[in-house]
2 protein chains.
Amino acid sequence: MNQKITIRDVAKYAGVSPATVSYVLNGVKKVSDETKYRVLEAVKELNYQPNFTAISLSKRKSNMIGVMLPLVDDSLATIFKENHYYSEVISGIEYVSRKNGYDILISGAGNPEDCKNWITKRNLDGLLFLGTFSENLYKEMKTLSTPIVLIDTYEEYAKHYHNIHVDDELGGYLATKHLLQLGHRSIGFVAHRLTNSPVDTKRFIGYNKALAEANISVNQELIFEGHDSSFENGYRMGEKVLALGDKLTAVFATSDILALGIMKALNEHGKQVPHDYSIVGFDDLTISNYSTPSLTTVRQDVFKKGVVSAETLIQAIEGKIQTLARIHLPVEIVKRDSTSKR
Amino acid sequence: MNQKITIRDVAKYAGVSPATVSYVLNGVKKVSDETKYRVLEAVKELNYQPNFTAISLSKRKSNMIGVMLPLVDDSLATIFKENHYYSEVISGIEYVSRKNGYDILISGAGNPEDCKNWITKRNLDGLLFLGTFSENLYKEMKTLSTPIVLIDTYEEYAKHYHNIHVDDELGGYLATKHLLQLGHRSIGFVAHRLTNSPVDTKRFIGYNKALAEANISVNQELIFEGHDSSFENGYRMGEKVLALGDKLTAVFATSDILALGIMKALNEHGKQVPHDYSIVGFDDLTISNYSTPSLTTVRQDVFKKGVVSAETLIQAIEGKIQTLARIHLPVEIVKRDSTSKR
DNA sequence: GTGAAAGCGCTAACAC
DNA sequence: GTGTTAGCGCTTTCAC
């Protein structure tokens, strides 16, 4: 009973043709002020709501953008559960989209085919990729003309799309530098999964750089690599750190989640942070300020990341951007209680 | 160049009419096996992707469901940032939806009008409400015939819709009972916001019940009420707890986030959990297992909640459900290190 | 300035 | 069994 009101009803009510109503609604052509007024009145009177589906079909523009997330075990659960980072990016995306009249569709990425089909089936105006996907997927997507923005991607193929990151290398540098300044010489590096994560690789480069500046050579023994960014994984890495005894006095973990897991493991084995080990994380999740001890970390503005990504995508969709964007958001070190002088 | 392939192309390729293709694709009417085969071949050959927009317009069914979340400061950021609970529900919703051929649209709830318009504009097949909204909104939505599932709602008006909760009252009871069994007699109750949160009210009833069974009368002084479910709020409540000195020895908080904030405050003021205070939370977020000390809490299966909600909604959409669903998911107490004998 | 009408890609009577 | 055709609600040439 709500859905019933069509452009035709409005036209009839205003005593004009459907075309005219459409003109007014789209701000197109020169419609006389008087008819325009009549139409607008009718729209208000009837509480007319344009049917986006029809518009979408007619204009080939859906005003919807797709947000692709990596799937773990065929579900988003792990990703959301273990790293609330993602949901925070999404809130930024949602905010900008809503303000610009776009809706967001969220889906886990299946194979490249599904992904392509999703776009055509749903008439998506643009796509946002959050996280790392297979190179294959990026290649496949290239055959589409839909604007795509990649978040946190450094892969070779990523160059063909708009890119948003934070300054991961600087983050790694700052974290390590901070530990060095506190007098630590043997600093562990715990990555989510180094071999396969360009983000962590960048942070690793920063780590190396800081060490080099301090004339410390990288000790492969102190490089730990897990499987994912989960507390559980962090906990396991923490146990590995413990196994090395006093071979190291500090750890830089590439995510807060990892750092928190490490702290837990150290703690349970009778070690004190920061007395026995100094720990630095990355992200600055809200929880990191409320852990015991509170976590020293590299802050990135995750909401902002979502905002900028969505803004870039929408600009691309609306043709307001010509070249490929390549945006680096700043990071900063936040000193709290998980680090102290050696 | 992908979008180009329409049902007409397929029809031509298979040497049949568009209608026949449609029949085959929709499994409708009796099409001879032979033509069916030819059509399917053509579909495969051409990699035909049905245009959902067109289907949506024609069938008045979008295969999209809307997920409404409460807005704080006009953004979802707070809600996602402070309570990763929501994203976990969403993963459950996403999983079921994807498996059933539905896409999910996520949006913050503005006013009731916007919400109604969203449905009609986007042709949404159903709506999922996560959290508490104004009574007004529920009333407004009643004028629509779109199926709606409410999650975590106990409001009077909620009765007109499908409802999914966990057994909040039992959860409150179990938490309190656990503390009583440990010998605590003065147990604080910290709510997110009692007056306005039916969920917390239920948990409060459980708390009262357990106390009554132990012949302990409720002490109003021990009831704390905040503004939201944030670490920050928990921290403030923790300070209030501290101010009461030894008037209480244990606290039941209605969310893990709150509990974690409380622990932080206690900790920073030199108190030991569980030695000085026993703390019980609610939710069993992943972080709760990795905090120091790990948190005793009432577990609810949040992913499952999302799954059941989406299943219910989809069944309602597809007419496979006649009466209003009213589902209570189980809870259980998970004993960890934040509680100990008095 | 405004309107008639074709068409976006698909569905579903209805006819054959 | 299969095809014709009239919509679904909107946009957009192209006349007037």
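Everything quoted here is computed from the prediction, not taken from an experiment. The chains referred to below are lettered A, B, ... by the order of the sequence lines, with proteins before strands, and numbering in each begins at 1.
Residue-level contact check: B/S56 touches neither bases nor backbone, having no heavy atom under 4.0 Å from any strand. Among the atoms of the strands shown, only primed sugar atoms or phosphate atoms (P, OP1, OP2) are found under 4.0 Å from some heavy atom of B/V16. Using a 4.0 Å heavy-atom cutoff across all strands shown, B/F52 reaches no nucleic acid atom at all.
Rounded to an integer number of Å, the gap from A/R38 CZ to C/dG1 P is 15 Å. Between the P atom of D/dG7 and the CG atom of B/L57 lies a distance of 14 Å, rounded to the nearest Å. Computed from coordinates, the B/K59 NZ to D/dG7 C1' distance equals 16 Å when rounded to whole Å. If you measure from atom CG of A/D9 to atom C1' of D/dC10, you get 13 Å, rounded to the nearest angstrom. Rounded to a whole Å, the NZ atom of A/K12 is 14 Å from the C1' atom of D/dG9. Whole-Å rounding puts the A/K30 NZ to C/dT2 C1' distance at 11 Å. Computed from coordinates, the B/I7 CD1 to C/dC10 C1' distance equals 6 Å when rounded to whole Å. Put simply, CG on B/L25 is 9 Å from P on C/dC10, counting in whole angstrom units.
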List the atom pairs, donor and acceptor, that lie under 3.5 Å between side-chain atoms in residues 309-317 of chain B and the rest of the protein, sequence neighbours left out.
| unit_1 | atom_1 | unit_2 | atom_2 | d |
| --- | --- | --- | --- | --- |
| B/S309 | OG | B/K305 | O | 2.6 |
| B/T312 | OG1 | B/V308 | O | 2.7 |

Pairs under 3.5 angstrom only: tabulate donor-acceptor contacts from the side chains of residues 15-23 of chain A to other protein residues two or more places apart or in another chain.
| unit_1 | atom_1 | unit_2 | atom_2 | d |
| --- | --- | --- | --- | --- |
| A/S17 | OG | A/A19 | N | 3.3 |
| A/S17 | OG | A/T20 | N | 3.2 |
| A/S17 | OG | A/T20 | OG1 | 3.2 |
| A/S22 | OG | A/N26 | ND2 | 3.3 |

Side chains of residues 97-106 of chain B: which donor-acceptor partners sit under 3.5 Å, not counting sequence neighbours?
| unit_1 | atom_1 | unit_2 | atom_2 | d |
| --- | --- | --- | --- | --- |
| B/S97 | OG | B/I93 | O | 2.7 |
| B/R98 | NE | B/E94 | OE1 | 3.4 |
| B/R98 | NE | B/E94 | OE2 | 2.7 |
| B/R98 | NH1 | A/D74 | OD1 | 3.2 |
| B/R98 | NH2 | A/D74 | O | 3.0 |
| B/R98 | NH2 | B/E94 | OE1 | 3.0 |
| B/K99 | NZ | A/D74 | OD2 | 2.5 |
| B/N100 | ND2 | B/V96 | O | 2.7 |
| B/Y102 | OH | B/K61 | NZ | 3.0 |
| B/Y102 | OH | B/E318 | OE2 | 2.9 |
| B/D103 | OD1 | A/W118 | NE1 | 3.0 |
| B/D103 | OD2 | A/W118 | NE1 | 2.9 |
| B/D103 | OD2 | A/R122 | NE | 2.6 |
| B/D103 | OD2 | A/R122 | NH2 | 3.4 |

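Checking D/dT2, C/dC10, C/dG9 against every side-chain atom of B/S32, the shortest atom distance belongs to D/dT2. Side-chain atoms of A/I55 lie closest to D/dC10 of the nucleotides D/dC10, C/dT11, C/dA5. Here C/dT11 is the nucleotide among C/dG9, D/dC10, C/dT11 with the atom lying nearest to any side-chain atom of B/N26. Out of D/dG3, C/dT2, D/dT11, the shortest distance to the side chain of A/V31 is found at C/dT2. Listed candidates were D/dC10, D/dG3, D/dT11. Nearest to the side chain of A/N51 is D/dC10. Set against D/dG1, D/dG3, C/dG1, the side chain of B/S17 has D/dG3 as its closest nucleotide.
Side-chain N/O atoms of A/R60 include one lying less than 4.0 angstrom from OP1 or OP2 on C/dG9. Regarding contacts with the backbone of C/dT2, a side-chain N or O of A/T35 is found under 4.0 angstrom from either OP1 or OP2. For the pair A/S22 and D/dT11, the criterion of a side-chain N or O lying under 4.0 Å from OP1 or OP2 is met. Contact check, B/S58 against C/dC10: no side-chain N or O comes under 4.0 Å of OP1 or OP2. Contact between the side-chain N/O atoms of A/T20 and the OP1/OP2 oxygens of C/dG3 is found at a separation under 4.0 Å.
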Decide yes or no on side-chain contact (heavy atoms from CB on, under 4.5 Å) for B/Y85 and B/D152, but give the supporting numbers first.
CA-CA 12 Å; B/Y85 164 84; B/D152 293 334; 2.4 Å; yes

Before giving the answer on side-chain contact (heavy atoms from CB on, under 4.5 Å), spell out for A/Y95 and A/F303 the whole-Å C-alpha distance, their side-chain angles and the decisive distance to 0.1 Å.
CA-CA 9 Å; A/Y95 182 78; A/F303 181 79; 4.1 Å; yes

Which pairs, protein N/O on one side and nucleotides 14-16 of chain C N/O on the other, fall under 3.5 Å?
| unit_1 | atom_1 | unit_2 | atom_2 | d |
| --- | --- | --- | --- | --- |
| C/dC14 | N4 | B/K29 | NZ | 2.5 |

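One end of the helix from C/dG1-D/dC16 to C/dC16-D/dG1 points its axis 40° away from the other end's axis, with each axis taken from 5 pairs and the angle rounded to 10°.
Contact check for A/I7 versus A/Y48: side-chain heavy atoms found under the 4.5 Å cut-off. Side chains of A/T35 and A/V24 form no contact here, defined as non-hydrogen atoms less than 4.5 Å apart.
Remark: B/L324 engages B/H162 in a side chain to side chain contact (heavy atoms under 4.5 Å, CB included) (not counting sequence neighbours). Every side chain to side chain contact (heavy atoms under 4.5 Å, CB included) that A/E34 has, sequence neighbours left out, goes to A/S32, A/R38.
Among residue pairs with one or both ends in residues 127-147 of chain A, those qualifying as salt bridge (charged side-chain N to carboxylate O under 4.0 Å, His left out) are A/K116-A/E140; sequence neighbours excluded. For residues 119-150 of chain B, the set of pairs meeting the ring pair (Phe, Tyr, Trp, His ring centres under 6.0 Å) definition, not counting sequence neighbours, comprises B/F129-B/F133.
Comparing B/G15 and A/P18, the nucleotide of DNA chain D nearest to each residue sits closer to the 5' end for B/G15.
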